[in-house]
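Take a look at the structure below.
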Amino acid sequence: MPLQPAAIEAVAPDQASLSAAVKLLKPSLWPVREVSADRALIWGACQGSGANPYRVVVDLSDLGAKCTCPSRKFPCKHALALMLHFSKDEMAFSGGTVPDWVGDWLGRRRKTFRPSNLPAAPKSLLDVHAADPEISNDPKAEARRDAARIRRENLTNMAVSDGLHEMEAWISDQLRTGLAETLKDLTSRCRKIAARLVDAKAATLAARVDAVPAMVLAQPQRMRGAVLAAELGKLVLLSRSWRDGDCSSHIRRDIVSAENRETLLANPDAPRHAGPWEVLASLEEARRDGLIARATWLLGLDLVGPRFALLQDFYPVSVGKQGAAFKSGEQFWAELVFYPAPGPLRAQIAAQRPLETPVVWPDMGQSDPLLGYRETVIAVPWTNIWPVLLPSGRIGQAADTGWWANTDHALPLTAENLPPAILGSELSMAVALWDSSSARLLAAQTHLGRYHAYG
Amino acid sequence: MLMGELSLSEQIALLETAKRRWMSGGDADTEGNLLASGQSGQEAQLRLLAQAAVIGQICLTPERPDGLTFRSVLPNFDLPFLPDELRPLFRRLNKPGQVGGLRDNVIALMSTRGVVAHPFDWLPPKDAGDVPAGYAPIQAWMNGEVGARESGPITVENWDLFTPADRLDAAGALRRSDPAAARRLFEAKAATTPAEERLRLIRLLAENLGPEDLRYLESLSNDRSGKVRDISRQFLARLGKVFGGEDARELADFVQVKKGLLTRRPQFAVKGKLNATQRTRMLALFQHVAVADFADGLGHSTSELAKGWTFAESGIDLMLFRAFCETGADEDLRLFWERALAEKVADLRYVQVAVPRFERAERAEICEKLLDTGQITHVAGIQDVIGVNVPAGVARALLETPQVREAIARARQAANDRDQTERSAIVQLQSLISTLATLLPRSYAQQLYDQVAGAVFHPADPALDPLIFNISLEGPNP
């Protein structure tokens, strides 16, 4: 039986959700829309304001739904939009094999099913357009808004400068009293200065300072002092770039905040590249500010063009586990728009579609795995993590530490359990994240096939 | 550039000195440093700190450590890998926290279908005793055994060239084809192996066990391993050796012997009703008294005991059957088994006890019969006696048991009613599916799937993953 709009109105939590859902009906926002063979489930990927698309599924038998967006409304606007899509045009949904993440949701749903007894508030698709606010075209009002924005920016810049000054004084204090003492109390000391940076509107820098203890304490005891000194030195370099008056967007991004998606996509100077990409890994990290940072690392499969891209998202811990937008090893065609920077890495997906045939890793033929990293550090000396390509080699061990090595180069690997099988593999190529002291293996092409460290 | 006339290594050394100073606290020396000198206090120190960070990143590269070692490359497997399209499903079934036993059963099922897990997805534990077919080379690699694997007939000369797993396979093949040669080989070399391996080798003597093995078995009564001594004693008992002993006499005292009214054959029965202590003692004695010693204590032969035993007390009857399995000759064991079947006392526990003595095909036939007559009512435990991927007759009988039929019916009812209070019926069916999914051959797995997909579970529900895996896994069916 076709899905009727009245049924969608009935499950919408409120009128605002319906209105927001209608705004998401542009097909270009939905690179994936699929239906199960028995036409009982529909699912899709919706490009929201984050870098990673949201995954949405709807069970058509009862319009139960799940979405990876952080909204607390149920069903959210993305789920409603997917239902609306299906009710308007079922043929736009291609037949697909039910993916694992949908199956997992079905399993969890079966265990916790509770029929809803909540009364429904009146909502109507007819009221959606009536609710749209009018946009003013008054030039004077626009000029007043621009002036206010500039005033806010200036106030922010002043606050940030003060915050950076305070951070440098704090760093000096650590050097004067001894980093050995700092290490004993690292978490609490970093927390305090991070809080000051938040007050100074330097949110991104505050998060970086908050992450210092985890980064340092993950190192062997003998290396912690050196790693701490290096990170403090990088913070000084970043601070000086700002205080010396460099207005580049990448500096502002690394201290204050990144441009939102709309601003980036509208930026004519933002580098773009369209082509095939492969997901190397999707990593999540809990931050001390109550957010989960999700980093999806991509490998460019074109012979020319950017080799790596990073899709970076944040969502509140309180929303609960969201699940990755992509699977490791997944390939797709996408047009990526990169945040402008001397070595562009962070990006947003402007357009995406499935790849029809798999693409093999191109011959990327780089002999020195740290060459790209050094070039980046020369341009952006406060870089702390960078993806590196490892040419053919093996993974061995020395005193309980894993090492990637070939006849010419060797890099220590982060202290995560390496599966025995990777120790017995011949690697023709690998990708890792280098943090100036160790490499975190993400994926490798081996004589046994593709290896993914995560997923 | 930044540090005047100093060479790079001198600059690095100075910066290392500065870092040491900062570790203990205080200002590092900035003299000669173009960037820092001329600046005062805090500014000079911060400039030097920034330099140290950059120099470290750009100029220093990790040095290959001494003692860096590499494992040998993984060997070729005996069987092909699981097809790529099934690997995600395998990983889901294999993740920690999965239903107990499911992971091992999936691995076993794959072996029967002629594939092994991809090493990135699963490797057998290092010192696992029983590894499914196809994993011997990888297990040798996990244990650090490198080099080409020895193959072909095993002899005294090439004994040490075999890996332990391959040695066992080759010795088993030799015992089947030339029992005497195998025995001579064990006499020469078994004592040089560790106790666990020696036990597995001696167990191979069960194949074609005969009087020619008596002398060797008697020599094993001095083996330093208690388990080897026990198994050799069992084999000697099977060959008719009577050890006697107080325990055998004590066990015999629990039993009375009468002459049958019609047949005049001796009839054996437990004396009266046993109290709890007596019962416990009798069961304990059966653990180690050979059936020949027991019969001898009763003043009769083992075949008379097998023919004349009165089946009256389930636990005692089962323990006597176990004694026949461990220490009885083939003919006596068969006699006793046929009588247990005829008296309808045989159930799954009997088949479990008989695993070392009855071939798989026979065990499967027995299970099918017992399932059809209702003497086996539950599917749990079937895998212990037949393994996974059971013959079609057993699969049919399993799906026709009341346990399975009623579980499906209850779950379908609960799914239709969407009644929260009956969700336990669906959970129970899910557990049953986990047990059955690796037991059934493909066509019967498909039958079960067709009964529950849609009616109880959505076709994509992870509860059906084990069945979908079975159905999708091509390969020989029994």
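Just so it is clear: chains get the letters A, B, ... in the order the sequence lines come, proteins before strands, and each one is counted from 1. Values below: all heavy atoms of this structure, side chains included; hydrogens, waters and symmetry mates excluded.
- For E63(B), the part lying under 4.5 angstrom from a heavy atom of chain A is the backbone only.
- Neither the backbone nor the side chain of H452(A) comes within less than 4.5 Å of any heavy atom in chain B.
- Of all heavy-atom pairs spanning A230(A) and A53(B), the tightest one is O-CB, 3.4 Å.
- Here A50(B) is the residue among G454(B), A50(B), C59(B), P119(B) with the most heavy-atom pairs under 4.5 Å with chain A.
- Highest contact tally toward chain A, considering only G41(B), P88(B), G67(B), G26(B), is held by G26(B) [criterion: heavy-atom pairs under 4.5 Å].
- Few gaps surround CD on E85(B); more than 12 heavy atoms of other groups in view lie less than 6.0 Å from it.
- The two residues G449(A) and F120(B) come nearest to each other via the heavy atoms O-CE1, 3.9 Å.
- A 4.5 Å side-chain heavy-atom check between F457(B) and L106(A) finds every atom pair outside the cut-off.
- The backbone N or O of P381(A) sits less than 3.5 Å from a side-chain atom of Q57(B), completing a donor-acceptor pair.
- Heavy atoms closer than 4.5 Å to chain B are found in the side chain of S436(A), but not in its backbone.
- R64(B) places no side-chain N or O within donor-acceptor distance of the main-chain N or O of L411(A), the cut-off being under 3.5 Å.
- The pair R176(A)-D27(B) does not meet the salt-bridge criterion, since no charged nitrogen lies less than 4.0 angstrom from a carboxylate oxygen.
- Atom CD of residue Q45(B) and atom CD of residue E168(A) lie 13.5 Å apart, to the nearest 0.5 angstrom.
- If you take NZ on K234(A) and CG on L49(B), they are separated by 11.5 Å, rounding to the nearest 0.5 Å.
- Proximity to chain A (any heavy atom under 4.5 Å) is shown, for P75(B), by neither the backbone nor the side chain.
- Annotation for L46(B) and R240(A): closest pair CD1-NH2, 4.0 Å, computed over non-hydrogen atoms.
- Note on L228(A), L183(A), L41(A): by heavy-atom pairs under 4.5 Å with chain B, the leading option is L41(A).
- Nearest approach of L448(A) to H118(B), heavy atoms of both residues: O-NE2, 2.7 Å.
- With a 4.5 angstrom heavy-atom cutoff, D408(A) does not touch chain B via any of its atoms.
- For S438(A), no part lies near chain B; criterion is any non-hydrogen pair under 4.5 Å.
- A 4.5 Å side-chain heavy-atom check between V73(B) and S425(A) finds every atom pair outside the cut-off.
- Heavy atoms from other residues, nucleotides or ligands lying under 6.0 Å from CG of N76(B) number 12 at most.
- Within a 6.0 Å sphere centred on NE2 of H447(A), other residues, nucleotides and ligands contribute more than 12 heavy atoms.
- In this structure, chain A has heavy atoms under 4.5 Å from both the backbone and the side chain of T69(B).
- The minimum heavy-atom distance linking W403(A) with P62(B) is given by the pair CZ3-CB, 4.1 Å.
- Counting heavy atoms from C-beta on, the side chains of V98(A) and P459(B) never come closer than 4.5 Å.
- Heavy-atom contacts from other residues, nucleotides or ligands closer than 6.0 Å to CG of D185(A) number more than 12.
- Side chain of H458(B) to backbone of D59(A): no donor-acceptor contact under 3.5 angstrom is found.
- Counting all heavy atoms, side chain and backbone alike, P65(B) lies closest to A398(A) at CG-CB, 3.7 Å.
- For a residue to count as touching a neighbouring chain, one of its non-hydrogen atoms must lie under 4.5 Å from one of that chain's; by this rule D104(A) touches chain B with backbone and side chain alike.
- If you measure heavy-atom distances from L235(A) to chain B, you find no contacts under 4.5 Å at all.
- Remark: T401(A) OG1 to L68(B) CG distance equals 10.0 Å, nearest 0.5 Å.
- Contact count versus chain B (heavy atoms, under 4.5 Å) is highest, among P412(A), G225(A), A180(A), for A180(A).
- The backbone N or O of I58(B) sits less than 3.5 Å from a side-chain atom of R374(A), completing a donor-acceptor pair.
- Among the candidates E16(B), K19(B), E43(B), the residue making the largest number of heavy-atom pairs closer than 4.5 Å to chain A is E43(B).
- Of the atoms belonging to V102(A), not a single heavy atom falls under 4.5 Å from chain B.
- In this structure, the separation between CG on D100(A) and CG on L89(B) is 8.0 Å, given to the nearest 0.5 Å.
- Within the model, atoms CG of D121(B) and OH of Y451(A) stand 11.0 Å from one another, a figure rounded to the nearest 0.5 Å.
- Looking at A52(B), there are no atoms closer than 4.5 Å to chain A (heavy atoms on both sides), in backbone or side chain.
- With a threshold of 4.5 angstrom between heavy atoms, W105(A) does not approach chain B through any atom at all.
- Heavy-atom distances place the backbone of R450(A), and not its side chain, under 4.5 Å from chain B.
- Rounded to the nearest 0.5 angstrom, M23(B) CE and T182(A) OG1 are separated by 8.5 Å.
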